[in-house]
Amino acid sequence: MHKSKVELQRCFISSIDATKDFVDYNEYIMDIEGELCQYIMQLFTHNYDSIAAKKCSFGDDSFLAGILPENAEGFDAFVDVITDEMHTLIGKTVDLQSGSGLFVWALVEEQPVIAFFKLNYQSRFSCVVEDDGSVSWKKTMRLLPTSAQKEYDFFFINIYEKKAWMSDYKCHLDGKVINYMADEILKIELTPSEKEMVSVIETAVLDTIKECYKKEAPQKVFEYRQSLASEVQDYGNISAVNMERTVFADNEEAKEVYREKMEELQIPKKPIEVGKKTQRKLNKKQKIVTENGIEILVPIEYLEDKEVFEYRQEETGSVSIVIKDVKGNLK
């Protein structure tokens, strides 16, 4: 997400401290050219398109829909509810660390979006509660976090589309491991991230190819890569059902094996929407890595070009790759 598509409108900062009876927070009047505002913009744009974020759609009768403000003027009430929920949760679990909370109301391509960041460690800014009770952020020099400590957790909410997406930080509560922001703060049910779904579909396809194809396996893998790239480019989604139709059209046994793996891995039949970041990633060059560590980057469109590459399945199970006479320069 480029910052030119984002207009920051309101921001609240909070000091989240487990030792206090409540969460201190107040509005930060943004200086668009200031360093703190640039830091907020960096947090927002860096995480907005995260393919690792868990997702959710919510209805009008949900808890989250009930607390969402209609416009930026009502943002205060939303912040008040979330800080209260956060303070209650911190009192129930020892997993959540004290830190800073950052609430942002922004327009992204003219649609209102709410973002929240819980910062457990900041290399540049830290919350300070002044003598008058107000909260401010100041530059700080803090010790590095432990290896298990995340720098921050986040969630985003698109108000018009009624969609939420967030990081997947877990904590223990009442003997269960939960995503605290989804289960306790926003009270929504998440679906797997784009990254997870692409990975699980790939596992099902590649395992099926491994079981059902022999000499044709290398060619079939590259056929799958091209089919996947074409689908996300044409439709903006990935359909596990379409993968069966396109990749395994020549093999009834493979179709049956693939269906079993879909059921085993709980892959949905409904197409999975993917964002532009995933689309770009799947349409990029395919990396081929040899046993001795040599890496070859091949544009997707050349994977099955027999005038450029030839793949041979050896008796040992390995694949020989022959690169034919191709004019070019070493770079």
Side-chain angles (χ1 to χ4, degrees), residues 1-14 16 28 30-56 72 75 79 82 86 96-97 99-127 137-142 144-159 161 163-170 179-182 185-186 190-199 232 236 273-284:
M1 170 64 64
H2 193 272
K3 64 180 182 180
S4 62
K5 297 181 179 181
V6 180
E7 180 187 340
L8 303 179
Q9 294 196 328
R10 296 190 74 183
C11 174
F12 285 83
I13 55 178
S14 61
I16 303 171
Y28 163 67
M30 288 186 289
D31 172 12
I32 299 299
E33 301 299 325
E35 187 177 16
L36 178 53
C37 194
Q38 295 303 311
Y39 177 64
I40 295 170
M41 178 68 81
Q42 179 181 316
L43 281 173
F44 195 102
T45 56
H46 177 72
N47 293 285
Y48 188 85
D49 290 325
S50 172
I51 63 174
K54 298 278 191 178
K55 296 182 176 181
C56 169
F75 193 30
V79 173
I82 299 301
M86 181 69 70
L96 293 183
Q97 304 162 20
S100 305
L102 174 64
F103 297 84
V104 182
W105 178 285
L107 292 181
V108 179
E109 296 181 316
E110 300 185 355
Q111 290 206 16
V113 172
I114 289 175
F116 170 73
F117 302 90
K118 181 180 179 296
L119 299 104
N120 304 317
Y121 161 81
Q122 310 103 61
S123 59
R124 302 182 67 189
F125 297 102
S126 178
C127 266
W137 274 19
K138 295 185 178 180
K139 285 189 177 181
T140 182
M141 295 296 293
R142 303 273 298 274
L144 291 174
T146 64
S147 58
Q149 183 179 351
K150 291 186 64 175
E151 292 188 18
Y152 56 83
D153 319 316
F154 66 86
F155 68 66
F156 289 90
I157 304 169
N158 184 308
I159 296 176
E161 295 183 358
K163 293 182 178 179
W165 59 105
M166 64 193 63
S167 55
D168 192 25
Y169 184 76
K170 299 288 202 307
N179 178 313
Y180 76 91
M181 288 192 296
I185 304 298
L186 301 182
L190 296 175
T191 59
S193 66
E194 290 179 26
K195 185 176 181 180
E196 290 173 314
M197 291 310 302
V198 171
S199 177
V232 297
E273 292 185 16
V274 294
K276 293 180 180 179
K277 185 178 288 188
T278 297
Q279 293 176 37
R280 288 194 299 268
K281 182 178 180 181
L282 295 176
N283 278 287
K284 287 168 64 177

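- Side chains of L43 and L119 form a contact here, defined as non-hydrogen atoms less than 4.5 Å apart.
- For residues 106-119, the side chain to side chain donor-acceptor pair (under 3.5 Å) pairs, not counting sequence neighbours, are Q111-N158, K118-N120.
- The shortest non-hydrogen separation linking M30 to R10 is CE-N, 3.5 Å.
- Residues forming a side chain to side chain contact (heavy atoms under 4.5 Å, CB included) with V198 (at least two apart in sequence, or on another chain): I238, T278, L282.
- Rounding to the nearest 0.5 angstrom, the gap separating the CG atom in L186 from the CG atom in N179 is 9.0 Å.
- In this structure, the side chain of W165 does not engage the main chain of A52 through any donor-acceptor pair within 3.5 Å.
- When side chains are defined from C-beta on, F117 counts as touching F156, because their heavy atoms get closer than 4.5 Å.
- At a threshold of 4.5 Å between non-hydrogen side-chain atoms, the residues I159 and I114 count as touching.
- Under the side-chain hydrogen bond (donor to acceptor under 3.5 Å, both in side chains) criterion, S193 pairs with E196, not counting sequence neighbours.
- Under the 30°/60° scheme for interplanar angles, the aromatic rings of F44 and Y48 are found to lie parallel.
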**Message:** Apply side-chain contact (heavy atoms from CB on, under 4.5 Å) to residues I185 and I82 and explain how you reach the verdict.
**Reply:** CA-CA 7 Å; I185 304 298; I82 299 301; 3.8 Å; yes

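- Every ring pair (Phe, Tyr, Trp, His ring centres under 6.0 Å) that F12 has, sequence neighbours left out, goes to F75.
- The shortest distance between side-chain heavy atoms of I13 and S100 does not fall below 4.5 Å.
- Here Y28 pairs with nothing under the ring pair (Phe, Tyr, Trp, His ring centres under 6.0 Å) rule; sequence neighbours left out.
- In this structure, C56 and T191 approach most closely via the heavy-atom pair N-OG1, 4.5 Å.
- How far SG of C37 is from CG of D31: 7.0 Å, rounded to the nearest 0.5 Å.
- For the salt bridge (Lys or Arg N to Asp or Glu O under 4.0 Å) test, no residue two or more places apart in sequence or in another chain qualifies with E7.
- Nearest heavy-atom pair across E273 and E194 is O-CG, 3.9 Å.
- Note on residues 38-52: no pairs pass salt bridge (Lys or Arg N to Asp or Glu O under 4.0 Å), not counting sequence neighbours.
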**Asked** Would F154 and M181 count as a side-chain contact (heavy atoms from CB on, under 4.5 Å) if you check the C-alpha gap in whole Å, the side-chain angles of each, and the deciding distance to 0.1 Å?
**Response** CA-CA 8 Å; F154 66 86; M181 288 192 296; 5.5 Å; no

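- Among residues two or more places apart in sequence or in another chain, the ring pair (Phe, Tyr, Trp, His ring centres under 6.0 Å) test is passed with F116 by F103, F155.
- In this view, K170 and D168 satisfy the side-chain hydrogen bond (donor to acceptor under 3.5 Å, both in side chains) rule, not counting sequence neighbours.
- Applying the side-chain hydrogen bond (donor to acceptor under 3.5 Å, both in side chains) rule to W105 yields the partners Q9; only residues at least two apart in sequence or on another chain are considered.
- Every residue was checked against the salt bridge (Lys or Arg N to Asp or Glu O under 4.0 Å) condition with K195, not counting sequence neighbours, and none meets it.
- Between the side chain of N47 and the backbone N or O of M166 there is no donor-acceptor pair closer than 3.5 Å.
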